[in-house]
Amino acid sequence: MTVEHDEEDAARARAIRRLRTRGLEAAVNALIDLAEDKSAPANSRAAAASALARGNGLYATTGNEPPKALHEMTAAELKAAGEEIERERREFLALMEAGAEGSGDVFE
């Protein structure tokens, strides 16, 4: 390794550490602030609340364990995962439609 590569690796390691500490805290704080902001659009608040719930393992069936990889799932598990994805897709589309009817701009 060269000095240049060592410096790049060190910079990358510092950036990753900062992202995983301050960045994570900032992201969680922003989600909480948005979820609690009664003046924010309902679809934005719902998306923030959903992200917070997912981050806390609420949607996981066994706590905070990582989900199985697709190739490790049985046919029944694949079917259940597909149904969950479809349910979440429908909820997301409903939120987007509700937000579109309310203001015309999702980011207002």
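Values reported hereafter were calculated over all heavy atoms of this structure, with side chains retained and with hydrogens, waters and symmetry mates removed. Because the structure is a prediction, the values reported are computed rather than measured.
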Note to self: Quick test of your reading: applying salt bridge (charged side-chain N to carboxylate O under 4.0 Å, His left out), list the pairs with at least one residue in residues 71-83, sequence neighbours left out, ordered by first then second residue.
What the structure shows: Lys68-Glu77, Lys79-Glu83
Check: Quick one: salt bridge (charged side-chain N to carboxylate O under 4.0 Å, His left out) pairs with a partner in residues 33-49, sequence neighbours left out?
Finding: none
Checklist line | Those residues that, when tested against Glu86, pass salt bridge (Lys or Arg N to Asp or Glu O under 4.0 Å) (two or more places apart) | finding: Arg89, Arg90
Next item on the list: Would you sort out whether Arg54 and Glu88 count as a side-chain contact (heavy atoms from CB on, under 4.5 Å), showing the intermediate values?
Entry: CA-CA 12 Å; Arg54 186 174 310 285; Glu88 289 179 9; 3.2 Å; yes
Next item on the list: Please identify each residue that fulfils side-chain contact (heavy atoms from CB on, under 4.5 Å) with Ala80, with sequence neighbours left out.
Entry: none
Next item on the list: Just jot down the side-chain contact (heavy atoms from CB on, under 4.5 Å) partners of Glu7, sequence neighbours excluded, or say none.
Entry: Val3
Next item on the list: Could you list the residues that satisfy salt bridge (Lys or Arg N to Asp or Glu O under 4.0 Å) with Arg87, not counting sequence neighbours?
Entry: Glu84, Glu91
Check: When clusters are formed from ILVMFWY side-chain contacts under 4.5 Å, directly or step by step, what else is grouped with Ile32?
Finding: Leu24, Val28, Leu31, Leu52
Next item on the list: Identify, with sequence neighbours excluded, every residue that meets side-chain contact (heavy atoms from CB on, under 4.5 Å) alongside Ile16.
Entry: Arg12, Arg20
Next item on the list: List, by chain and number, the other hydrophobic cluster members for Met73, where Ile, Leu, Val, Met, Phe, Trp and Tyr join if side-chain heavy atoms come within less than 4.5 Å, directly or indirectly.
Entry: Leu70, Leu78
Item checked: Ala46 backbone acceptor or donor facing Ser50 side chain under 3.5 Å -> no
Checklist line | Minimal non-hydrogen separation, Ala35 against Ala49, with atom names | finding: CB-N, 4.2 Å
